[in-house]
Structure formats: structure tokens, C-alpha cells
Amino acid sequence: MVKSRVLKCNKNLGQRKLVGFELSCSHKNCQAPALESEKSRGLVEEPSILKKKSQDVVRYLNGRCIYLVGMMGSGKTTVGEILSELLGYSFFDSDKLIEKAAGGTSVAQIFEQYSESFFRDNESEVLKELSLMRRLVVATGGGAVIRPINWKYMKQGITVWLDVPLEVSAKRIAARGTDSRPLLHQESGDPYTKALQGLSTLSKDRGEAYANADVRVSLEHIAEKLGYEDVGNLTRLSIAVEVLEQIENVLQGDEETLEICSPLRSLSAG
Ligand SMILES: Nc1ncnc2c1ncn2[C@@H]1O[C@H](COP(=O)(O)OP(=O)(O)O)[C@@H](O)[C@H]1O
Ligand SMILES: O=C(O)C1=C[C@@H](OP(=O)(O)O)[C@@H](O)[C@H](O)C1
Ligand SMILES: [Mg+2]
């Protein structure tokens, strides 16, 4: 087992960082376990056409990581896991890494016991560490987009914005409750109302930050393409496939552009 860098620091209010983020991978360049071993998780059955698409995207990515951005409840963690399985990449959720480094303290407790700013410092540290690695799918926390430094780290890979109607995200969050999302706690009313109000406020504050992503995956666009009346009924897999297709479109375009612009490139590729 190869361990990448582990942050050495102490967990206290004086220091701004938590004790070691342990980012360990099964192979030197952070390849995920072979897809077969992932199949045991049974997250997705993979028809041959999807396998071919996944393999094409892996080639275009050439080891670059995928960073999923989007509001709370947009499906970053859920779709990210499926994407990692399809690509044979390792999956990391930045929130989970922070919670693990904090000895299991939840995100909500970190906000309460330390501060949002403390959480954000650690979020940036996690993204900095992950930016040194390859062949990862990273589900970021919804607020990762608000710090420019985080874009510097995420832009080492391909950034994908899951653009989901706030009503759909609010419904998903309400189904599990808002306790785990501290930025929704100050709202009043039933879980759906709290979630929708909180998301609406955050969305206004964050403006176009998410639009800095390399790829925008609009669930409304997918629903239209697939003939779904209700965006909320789109399956996790159909969204993951759209992410792959959009990444392929962007990277294929880049590859063709590079081929046109620098004919020597194919020689340098060896
Ligand atoms: N396509 C989907 N259809 C139905 N529920 C979903 C879908 N994607 C995510 N969810 C659910 O929505 C909630 C939020 O998803 P999550 O992946 O945690 O979002 P994020 O990480 O962006 O906050 C979870 O309970 C998850 O199971
Ligand atoms: O939008 C945000 O600022 C946050 C989103 C959360 O992650 P999810 O987007 O996975 O819920 C988590 O990082 C924290 O509660 C802050
Ligand atoms: Mg998440």
C-alpha cells in the first residue's frame, strides 16, 4: 500500500489545520482497485458500450483527476462514486477526508466547535493534497468554489459542475434531513423549506462561481434529452454517463485542437 503525503500538524484552535489527511491508494499512481473488485460493490452494471465509453474517457483524461462541484444536494458524492467505478479511479470525498482527519468529528460539529473559516482552511488543504495525485474522482463540498485558491488546485484536473434545480436538491436533502449541513441550520420551517431557503441564499451569494467549471452538466438538459418530465427522476447512472459524455466532448475537442495546432505533438507523445 503506497501512502501519499500525510499532513503533520496538530488539531487545536491555535493551528489552522487538522491532524494528517491520509490519502492512501492501492497503487503508486493512485489507480483504483480493478473494476472487477469494484463490481462487488454492485453500484452499477456496466454494459459493453458503457465500458468502451469509460475506456475512451480514461484515455482522454490521461491520469487527470475529475473534481465535481455544485451546490449541496447536487449529487457530487453519489455520482462521484459511480464515476470512479466506471473509470477504475479512486474516489475521495473532501468532506469525509476532513472528518476523518478530525478523528470522526462531523462537518456540522467542526463548524460549531471551530468555525466555518477553520473548515474552509482544511478544505483548501485537502484539495491541495489531492491535486498532487492522479486518477481520482473527487467530490468536493458545495462551498469549495468560493475560494480562488481551491480553483488553482482543482484546475490541475477537470472540473465538472452538476447544475441541479434547487428544488430538486432541496427535496433530496429534505429526504435525509438538514442536520448534516450546518449552513442550512439557521433557516426555519420544515426540512424542505429550510433546505430550499438555505440553498437559494447560498446560490445568490455564490453567483456564477460554479460556472468556472470546465464542464457544466445540466440535469434539466439531460431530462430534456432523455424525455423525462421530472428532473428529479433522473437516475444516478444516467447522470454519470452524461458526465462522461461531456468530459469526452471537451477533451476530444482539446485533443483535436492540439493535434491541429502542434503537429509535432504526436511525435512528442512518443
Ligand atoms: N440522481 C439521484 N436521484 C435520487 N437521489 C439522488 C440522486 N443523486 C443523489 N441523490 C441523493 O441526494 C442526496 C444528496 O446527494 P449527495 O451525493 O450527498 O450530494 P452532494 O454531495 O452534492 O451534497 C443523497 O441522499 C443522495 O442519495
Ligand atoms: O455548500 C457548502 O458550503 C457546504 C457543502 C457541504 O458539502 P456537500 O455539498 O457535499 O453537502 C459541506 O462541505 C459543508 O456543509 C459546506
Ligand atoms: Mg457531498
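Side chains are part of it too, since the values below use all heavy atoms of this structure and drop only hydrogens, waters and symmetry mates. These figures come from a predicted structure and were not determined experimentally. Every number for a ligand or one of its atoms is a count from 1 in the order of the listing.
No part of Glu116 comes within 4.0 Å of ligand 2, judged by heavy-atom distances. Contact annotation for Ile239 and ligand 1: only side-chain heavy atoms (C-beta onward) come within less than 4.0 Å of the ligand. The part of Leu183 lying near ligand 2 is the side chain, judged by heavy-atom distances below 4.0 Å.
At least one N or O atom of Lys76, backbone or side chain, sits closer than 3.5 Å to an N or O atom of ligand 2. Polar contact with ligand 2: present for Gly143 (N/O pair, distance under 3.5 Å). For ligand 2, one of its N or O atoms has an N or O atom of Asp95 under 3.5 Å away. By the 3.5 Å distance cut-off applied to N or O atoms, Gly73 is not counted among the residues near ligand 2. Checked against a 3.5 angstrom limit, the closest N/O atoms of Val79 and ligand 1 fall outside it. For ligand 1, the polar-atom distance check finds no N/O of Thr235 at less than 3.5 Å from any of the ligand's N/O atoms. For Gly232, no nitrogen or oxygen atom sits less than 3.5 Å from a nitrogen or oxygen atom of ligand 1, counting backbone and side chain alike.
Looking at atom 11 (O) of ligand 2, its nearest protein heavy atom turns out to be Arg181 NE, 2.8 Å. With respect to atom 2 (C) of ligand 1, the closest heavy atom belonging to the protein is Arg172 NH2, 3.5 Å. Closest to atom 14 (C) of ligand 1 among all protein heavy atoms lies Gly73 CA, 3.9 Å.
Residue Arg120 places a heavy atom under 4.0 Å from ligand 2. For the pair Ser74 and ligand 1, a heavy-atom separation below 4.0 Å is found. Residue contacts with ligand 2: Arg206 is included, with a non-hydrogen atom under 4.0 Å away.
Between atom 20 (P) of ligand 1 and the options Glu81, Arg236, Lys76, Lys171, the minimum heavy-atom separation is to Lys76.
Every atom of ligand 2 is numbered from 1 in the order shown, and the set under 4.0 Å from a heavy atom of Pro182 is 15 (O).
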